[in-house]
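Counting convention: from 1, in listed order, for ligands and their atoms alike.
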Amino acid sequence: MPLKLHDTLTRSDRAVTPLDGKTLRFYCCGPTVYGPAHIGNFRTFVAQDVMRRVVESSGTPTLHVRNITDVDDKTIRDSQKAGQTLVDFTRGWTGKFHADCAALNLLPPHVEPSAVAHIPHQVAMIGKLITSGHAYAAADGSVYFRVSSFKDYGKLSHLEDRELRLGASDAASATDSDEYTKDSLTDFALWKARKPEDGANHWPSPWGEGRPGWHLECSAMILEYLGEDFDLHSGGVDLIFPHHENEIAQSCCSTHGKFAHHWMHVAHLMVDGGKMSKSLGNLYTLEDLAKRGYSAAEVRYVLISGHYRAPLNFTMHSLDSARQALQKLAKADKALSSLSPSLPISKSPALFQDAWETLLHDLNVPGALGAIFGALNKLKPAALSAEEAASVRGGLHFMLHALGIHLPPVMEDTAVEVPADIQALAQQRWDAKQAKDWPAADALRKQLEAAGWLIKDTREGFTVLPL
Ligand code: AMP
Ligand code: ZN
């Protein structure tokens, strides 16, 4: 059974199967390397990593391309502030990004092209767009895409024409006051003529010195590494408009292909009801959280624990819950490993078939995690033969690999914090028992066990322990 994934363009869940029948070829818009990526950025990269792992675990190889944006307004501005060349500045932040990706257990992309290294490819694409009448050079040497020349513009973001105009004029006034040379407000820059504040960061082109507009790099690098048609394209929801809409326009008007055949967008990581972002200053990096004692594995668990299409609110409490969940998994694995010490390589989820099928349905990670805990809670390791334990353990590791979860060492003697809702349920069960309402007390005990908690009655009352 192949993965079914929601497609932003058709607004339907569609099977993710390779166009060439062999390899799933996909592109993810990568980081802008002018500072450390925050865990909001990583929510998107981690969701894409789970998608890739699930496809590969289903038996389909992938070709994963993710770019590095190493030239734009922000990289130029901040490299100058830092007194470094653009190349030295962005190289440093690219290194930091790679280190964070490794800590989060992200599989490295097969190709990671840089925008600066592909300026001739971008210039060639602009040339084709001008020749075919989809772009025009302004008097100052900037080149714009003529949005009115592409009838499908706006299909991905499902925006009305009026809204498109509003969105583009907002973006223009916020980012570039020079855009008055455009024929229409919605037209966007393919090439930006050299300005004094660009410093040494300009390249030659038939229209004069300058640098490419941000949207163009992805279209040019996709053509180079994935061709005119490819399987899937992905980014955070903030990229749907205008970035992905503009990529489609550039690519479809300069090639004969359909561009991406499937669009996957990841909802935002939020803090206090707002999107986590550098401009709002409400961000956390892996380093910030490490200082508070949280590991990258715990951060990854939090990032996957909400469905990728729903906004996820980040709290410190969610990291504590992730620590407990990882401990439960590690303890279950340890119990199984005492019966089956060598880890069998499994190509199937075995006991965790329900969890696997849940995951295949639009990457429902929270549902899959719930199904894994449900299956583990029912399991009595002591009653298993070595062969059965090996099969369960192999299946568990098949699922952990698909989710990219590395188990931490088991913490033996640490006091486990009981969540407030579990404590309240345990109290209700105790009250039912005191009232001799045995069916209610039994039902509540079962409910607690299903959530992974065991009640032990003592002379003084009760204690709650993790299963
Ligand atoms: P950037 O480095 O700004 O180009 O962003 C890299 C990726 O992170 C893009 O796919 C963005 O859509 C995504 N992104 C940015 N902020 C968030 C957030 N708060 N939650 C999830 N993804 C985000
Ligand atoms: Zn892009």
Side-chain angles (χ1 to χ4, degrees), residues 8 26-51 64-75 78 90 93-94 96-98 100-101 104 106 109 111-115 118 121-122 125 156-157 175 188 190 212-226 230 232-251 259-260 263-285 299-300 302-304 306-314:
T8 314
F26 72 101
Y27 184 89
C28 304
C29 295
T32 310
V33 281
Y34 70 115
H38 56 73
I39 60 167
N41 300 131
F42 281 118
R43 179 180 198 205
T44 291
F45 297 132
V46 167
Q48 292 160 344
D49 182 68
V50 173
M51 185 278 293
H64 177 187
V65 182
R66 186 182 65 211
N67 69 305
I68 296 283
T69 297
D70 51 3
V71 54
D72 78 329
D73 296 339
K74 292 174 282 188
T75 44
D78 289 2
T90 55
W93 287 117
T94 303
K96 170 74 181 139
F97 176 69
H98 286 158
D100 285 353
C101 286
L104 284 166
L106 293 175
V111 189
E112 197 176 41
S114 111
H118 292 78
H121 302 73
Q122 301 182 61
M125 189 169 269
L156 180 72
S157 43
T175 57
F188 58 90
L190 298 170
W214 169 49
H215 310 296
L216 189 61
E217 62 180 72
C218 293
S219 285
M221 295 190 279
I222 285 171
L223 183 62
E224 181 68 11
Y225 298 102
L226 295 172
F230 62 105
L232 185 142
H233 196 321
S234 175
V237 283
D238 54 322
L239 299 190
I240 299 175
F241 182 84
H243 183 58
H244 286 161
E245 205 71 79
N246 293 354
E247 282 188 29
I248 295 173
Q250 294 158 164
S251 295
F259 200 52
W263 288 89
M264 169 191 178
H265 288 104
V266 182
H268 283 146
L269 187 67
M270 316 289 282
V271 188
D272 300 329
K275 172 192 167 189
M276 183 177 288
S277 75
K278 193 159 177 169
S279 53
L280 292 176
N282 59 359
L283 57 85
Y284 290 98
T285 62
V299 175
R300 181 180 174 109
V302 169
L303 296 179
I304 63 172
H307 192 274
Y308 78 95
R309 287 208 294 127
L312 178 67
N313 198 42
F314 174 74

Within 4.0 Å of some non-hydrogen atom of Gly235, the atoms of ligand 1 are 10 (O)

message: Check whether Arg43 reaches the backbone of His268 with its side chain - one donor and one acceptor, N or O, closer than 3.5 Å.
response: yes

Near Gly40 (heavy-atom distance under 4.0 Å), the atoms of ligand 1 are 17 (C), 18 (C), 19 (N), 20 (N), 21 (C), 22 (N), 23 (C)

| said: Given 3.5 Å as the limit, does a donor-acceptor pair link the side chain of Glu217 with the main chain of Asp70, or not? | reply: no

At under 4.0 Å between heavy atoms, what of Asp238 touches ligand 1? The answer is side chain

- request: Apply salt bridge (charged side-chain N to carboxylate O under 4.0 Å, His left out) to Lys74 and Asp78, showing your working.
  value: CA-CA 6 Å; Lys74 292 174 282 188; Asp78 289 2; over 6 Å; no

Quick one: does Cys28 get a heavy atom under 4.0 Å from ligand 1?
no

Under a 4.5 Å cut-off applied to non-hydrogen side-chain atoms, are Val111 and Met221 in contact? no

message: Any heavy atom of Phe42 closer to ligand 1 than 4.0 angstrom?
response: no

One finds that the ligand 1 atoms under 4.0 Å from a non-hydrogen atom of His38 are 16 (N)

Problem - Side-chain donor-acceptor contact under 3.5 Å, Glu245 with Ser157 - result: yes

**Validation row, ring centre His244 to ring centre His215 under 6.0 Å** = no

Margin query: Tell me if the centroids of the rings in His38 and Tyr284 come within less than 6.0 Å of each other.
Written below: no

Please indicate whether any nitrogen or oxygen in Arg43 is less than 3.5 Å from any nitrogen or oxygen in ligand 1. no

- Query: Do Leu283 and Ile39 come close enough that some side-chain heavy atom pair is under 4.5 Å?
  - Reply: no

Counting only protein N/O/S atoms, those under 2.8 Å from the Zn ion (ligand 2) total 4

Does a donor on one side chain and an acceptor on the other come within less than 3.5 Å for Asp72 and Thr69? no

Ligand 1 to Leu239, heavy atom cutoff 4.0 Å, flagged ligand atoms 9 (C), 10 (O), 12 (O)

If we number the atoms of ligand 1 from 1 as shown, the ones under 4.0 Å from a heavy atom of Lys275 are 16 (N), 19 (N)

*Do Tyr225 and His118 have their ring centres less than 6.0 Å from each other?*
yes

Heavy-atom proximity to atom 6 (C) of ligand 1 ranks first, among Ile68, Asn282, Asn41, for Asn41

Check: N/O of Pro31 under 3.5 Å from N/O of ligand 1, yes or no?
Finding: no

- prompt: Side chains of Ser251 and Ser219: do they bring a donor and an acceptor to under 3.5 Å?
  reply: yes

If we number the atoms of ligand 1 from 1 as shown, the ones under 4.0 Å from a heavy atom of Thr44 are 10 (O), 13 (C), 21 (C), 22 (N), 23 (C)

Under 4.0 Å from one or more heavy atoms of Phe45, ligand 1 contributes atoms 6 (C), 7 (C)

Within 4.0 Å of some non-hydrogen atom of Leu269, the atoms of ligand 1 are 18 (C), 19 (N), 20 (N), 21 (C)

Any N/O pair Ala267/ligand 1 closer than 3.5 Å:
no

Decide whether an N or O pair under 3.5 Å exists between Val266 and ligand 1. no

Stepwise side-chain contact (heavy atoms from CB on, under 4.5 Å) test for Met270 and Leu312: CA-CA 6 Å; Met270 316 289 282; Leu312 178 67; over 6 Å; no

**Asked** When only distance counts, is His268 in polar contact with ligand 1, meaning an N/O pair under 3.5 Å?
**Response** no

* Kindly assign one of parallel, tilted or perpendicular to the pair Phe45 and Phe42, based on the angle between their ring planes and the thresholds 30° and 60°. => perpendicular

Exercise for review: Would you check the N or O atoms of Met276, main chain and side chain alike, for any that come under 3.5 Å of an N or O of ligand 1?
Suggested key: yes

Quick look: Lys278 vs ligand 1, heavy-atom contacts under 4.0 Å, and the answer is neither

Geometric class of the Phe230/Phe259 ring pair [parallel <30°, tilted 30-60°, perpendicular >60°]:
perpendicular

